[in-house]
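Note: hydrogens, waters and symmetry copies are ignored here, and every other heavy atom, side chains too, is used.
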Amino acid sequence: MEVPWLLVAHGSVTALVVVSFLCGQWPIFEGTFVQSINHFLTFGAYHYLLRFVQAVCGNGAKDLVLGVEQYCCDRPNPILQPKAAVEEGILSSSGSVKLLKVFYVAIIGVTYFIIVQTSFEYIPGYYVGGWHRYLSIVAVAVGAILFVLTSFSDPGTVTAENVSQYVSAYPYDNIIFVEKECSTCKIPRPARAKHCRICDKCVARFDHHCGWMNNCIGEKNTRYFLAFLIWHFLICVYGALVIGFILAGELKERKVIYILTAYYGIENSFSGLFPHVSQWLLAVHNTQILLSVFLAILALLLGGFCAYHAHLCLTNTTTNESFKWQDYIMWMKENEAKANAAALKASMGSANSDAHEAPPSKWRAFFVRSRRLSVEPVVKNNIYDRGMIRNMCEVIVPLSERKSFSHRKSD
């Protein structure tokens with residue numbers, strides 16, 4: 001009877017960690033333990049690690065950890081950023097391709113190899129047809145193609161030759177984007193563009209720099225990145241479901257339920273059978289259970305990431321712009337609070353100076369103060385949001401490509 005409670009505890013903790021990591025910063029979880037867990041996972045754990053290393057090994061070890069972090073995350077290097085190493089002459093192009101695939105192959109390729117070695121012997125099965133062997137190969141191959149497309153495609157590099165094209169495609173909103181020059185490239189910076197300090201180039205409709213892809217996600221490759229996320233989410237769901245059907249088929253073919261109820265007198269109910277079926281599966285098919293749990297957790301993580309980026313695409317917003325809007329709204333709210341405090345202080349001062357006069361009506365004083373403190377609410381005003389359909393069309397066919405196509409057609 002201990003196994004089911006262990007599985008329930010494991011599933012509950014896993015779900016709590018996943019929800020806290022993905023949704024801990026949502027306003028609904030503000031001030032709750034979910035937000036605290038999110039803070040620990042995204043900041044606190046690394047902070048405590050640095051303090052532990054400093055306490056045990058000294059400041060030199062802490063500086064070494066910070067140096068490794070900066071090398072891996074903050075600048076091009078031949079491990080996580082092999083393409084930049086090729087440009088700097090550190091690696092050959094063939095070595096770059098091999099290193100670029102290390103992490104991707106470790107997660108996708110090795111997992112698929114384990115599935116082939118441990119689970120393909122049950123295909124075809126009672127609920128799983130033999131065609132899943134070939135469909136899984138196609139699914140992994142398509143994922144690899146999307147990975148290569150996202151990694152090596154142009155994100156929308158802004159140069160002196162095409163800057164006017166991007167300036168005309170994306171107007172300035174004069175709120176979070178104003179007309180100014182890129183201090184590094186020495187060219188006008190179009191609205192929605194940003195200079196990536198890792199790639200050292202301006203990228204149109206900049207979303208973020210993806211270290212796993214060794215590329216920026218921008219105007220021209222957001223479609224590939226979104227397709228990559230959705231496809232790998234579907235692969236993980238597909239793998240977890242197929243393994244689940246394999247386990248269900250094994251239960252059916254080996255008549256586990258019938259043996260438990262007919263020969264051992266177990267009550268034919270979920271509460272009665274669940275502990276014994278779980279014990280049998282853990283004893284006979286523990287590898288398949290671990291694989292299905294691993295794929296399910298990956299599916300949850302990728303599903304949350306897919307939903308976030310799909311929401312950004314549908315609202316024609318980028319990750320970079322969402323942070324800018326958060327900073328802008330917070331700044332406006334702080335100014336609003338200061339204005340309210342000044343108005344309240346002025347009203348109290350005038351009330352004290354007029355104390356010798358006849359006191360005004362309480363209702364009149366209340367409404368006068370309410371008018372002074374009323375300020376227009378601070379809201380996000382995204383001029384680039386043109387409706388979900390047009391926003392998705394802009395992701396699939398970027399504005400700059402439409403403009404260049406129209407120029408070629410007119411010529």
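Using cut-offs of 30° and 60° for the angle between ring planes, the Tyr384 and Phe177 rings count as perpendicular. Relative orientation of the Tyr127 and Phe245 rings is tilted, given thresholds of 30° and 60° on the angle between their planes. Between Trp331 and Tyr328, the angle of the ring planes lies from 30° to 60°, which puts this pair in the tilted group.
Atom CD1 of Ile230 sits about 10.5 Å away from atom CZ of Phe225, to the nearest 0.5 Å. Here His132 contributes atom NE2 and Tyr238 contributes atom OH; the two are 5.0 Å apart, rounded to the nearest 0.5 Å.
Checked against the 6.0 Å centroid criterion, the rings of Phe147 and His232 do not qualify as a close aromatic pair.
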**Item:** From CA spacing to verdict: salt bridge (charged side-chain N to carboxylate O under 4.0 Å, His left out), Arg205, Glu401
**Value:** CA-CA 13 Å; Arg205 200 180 179 275; Glu401 292 186 359; over 6 Å; no

**Request:** Please lay out, stage by stage, how Leu301 and Phe233 fare under the test side-chain contact (heavy atoms from CB on, under 4.5 Å).
**Result:** CA-CA 8 Å; Leu301 292 172; Phe233 165 72; over 6 Å; no

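Between the Gln165 side chain and the Ser400 main chain, a donor and an acceptor come within less than 3.5 Å of each other. At distances below 3.5 Å, at least one donor-acceptor pair connects side-chain atoms of Asp207 with backbone N or O atoms of Thr319.
Using modelled atom types, one finds no donor on one side chain facing an acceptor on the other under 3.5 Å when comparing Gln288 with Tyr122. Asn215 and Thr150 are not linked by any side-chain donor-acceptor pair at a separation below 3.5 angstrom, with hydrogens and angles left out of the test.
Under the 4.0 Å criterion applied to side-chain N and carboxylate O atoms, Arg192 and Glu394 are assigned as salt-bridge partners.
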